[in-house]
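What follows is a set of notes on a single structure, which appears directly below.
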Amino acid sequence: MLMVDIIRKKRDGGSLTKEEIEFFINGYVKGEIPDYQVSALMMAIFFKGMNDEETGNLTLAMLHSGEKLDLSSIKGFKVDKHSTGGVGDKTSLVLTPMVAACNVPVAKMSGRGLGHTGGTIDKLESFKGFSTAISNEQFINNVNTVGISIMGQTKDLAPADKLLYALRDVTATVDNMSLIASSIMSKKLAAGADGIVLDVKSGSGAFMKNDRDAFELAEKMVAIGKHSGVKTMAVISDMDQPLGRAVGNAIEVREAIDTLYGRGPEDLKELCLTLGSYMVSFAKNVTPDEARSMLHEVLENKKALDKLADFIEAQGGDRNDVYNPDNLPKASKTIEFKADRDWYVSSIMSEDIGTASLLLGGGRRSKEDVIDLSVGIYLNKKVGEKCSKGECIATLYGNDDGKLSEGLERLRKAYDFSDTPVETSKLIKGIVD
Ligand code: URA
């Protein structure tokens with residue numbers, strides 16, 4: 001078989017066979033097929049799409065490109081959660097300690113930033129000394145002792161996804177339904193949890209720009225999960241504006257900690273309660289409403305906050321940073337985007353906000369880039385909010401004047417205004433189970 005024939009077949013709109021998909025996945029993982037040919041195939045898939053059979057075969061080929069984690073030595077029903085990616089999406093940092101504080105073991109595999117969206121691992125690395133590069137044994141041991149562990153994708157778990165994820169990030173081939181579904185589900189199935197709750201984002205900051213596509217992606221992923229015997233459901237949530245007000249890395253960690261202290265943004269708290277109620281109800285056989293009350297309680301009595309500190313400490317960080325978030329990386333310069341008249345924010349193009357953060361240094365321009373954890377954006381005004389002339393709409397935090405002005409230029413483009421009040425979209429758009 002020749003890789004060039006597979007690229008040509010997809011370029012011309014053909015459907016790839018199971019054997020062709022296995023050939024390019026196995027060849028890429030073994031280093032026998034170069035990045036440039038796989039990039040070309042990703043672009044062909046981006047334009048021509050894949051049918052359900054191809055998507056299922058791609059998921060299985062990626063899953064079988066490595067080993068499957070055996071979590072049987074962890075007592076209880078293990079749940080995992082995954083978001084399709086958004087801007088300001090620090091949900092996992094708040095949600096996982098909440099769920100673990102309800103005595104539900106959380107064994108989660110996370111990723112780094114992708115395209116204009118941020119990644120949980122990059123954010124967690126804001127805690128000095130913290131590492132997600134842990135062995136399978138340490139991962140299992142931490143879930144058994146602390147109740148929660150988050151690991152990065154090791155070279156042995158769905159290695160095909162690890163390679164493709166990094167390649168797609170820098171070749172503008174992320175936002176394709178089959179590539180997203182196979183990427184997420186191959187690594188989630190490899191991570192071995194008993195239940196998976198998916199947060200499928202819809203809107204200007206998501207890879208799926210409208211609800212119809214978001215529901216279709218959710219249905220594809222839920223079907224793949226169920227077909228593999230894993231309890232799977234999806235929540236479709238709004239990404240027409242960033243979640244919360246902080247966008248970046250350390251700045252998002254601060255907002256997550258604020259939320260665990262009970263003073264975070266309402267949309268973030270509500271999304272965590274919704275996703276968490278399904279995770280806890282999966283594991284404990286209670287109704288989502290009963291699970292929600294349990295989650296409220298661990299927020300109020302600060303057990304979830306303490307669980308975050310336990311988790312940070314168990315993976316090499318300093319638990320005191322959770323109680324003193326001023327210890328986290330901070331940028332040296334700020335600039336403000338101010339209102340030039342009185343009006344209401346009518347929309348925020350979230351993808352541009354994510355890109356503005358990337359331009360400040362908070363994301364990767366190429367595979368090798370090291371990101372600056374201290375930079376980011378704070379949205380003082382969100383959709384529907386009034387701003388008076390001279391008031392600050394958003395604050396940019398950076399360390400380099402050139403990058404700050406590039407970021408500001410992109411941020412200005414993201415905002416739109418209106419003379420009259422504007423309605424905001426619904427946060428939770430639906431459930432697929
Ligand atoms: N998240 C993933 O893990 N993979 C994708 O392709 C998109 C979002």
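When a ligand or atom number is given, it counts from 1 through the structure's own listing order. A quick note: this is a predicted structure, and the numbers were derived from the prediction, not measured.
Checking Lys220, Lys48, Lys10 one by one against Glu54, the salt bridge (Lys or Arg N to Asp or Glu O under 4.0 Å) holds for a single residue, Lys10. With Asp199 as reference, Ser83 is the one residue of Cys272, Ser92, Ser83 to meet the side chain to side chain contact (heavy atoms under 4.5 Å, CB included) rule.
Residues Ser65 and Ile25 share a closest heavy-atom pair of CB-CG2, 4.2 Å.
No side-chain N or O of Asp213 forms a donor-acceptor pair with one of Ser202 less than 3.5 Å apart.
The number of heavy-atom neighbours closer than 6.0 Å to CD of Glu409, taken from other residues, nucleotides and ligands shown, is 12 or below.
Applying the ring-ring contact (aromatic ring centres under 6.0 Å, His included) criterion to Phe337, with sequence neighbours excluded, gives Tyr415.
Under 4.0 Å from any atom of ligand 1, one finds heavy atoms of residues His82, Thr84, Leu114, Tyr165, Arg168, Ile180, Ser183, Ile184, Lys187.
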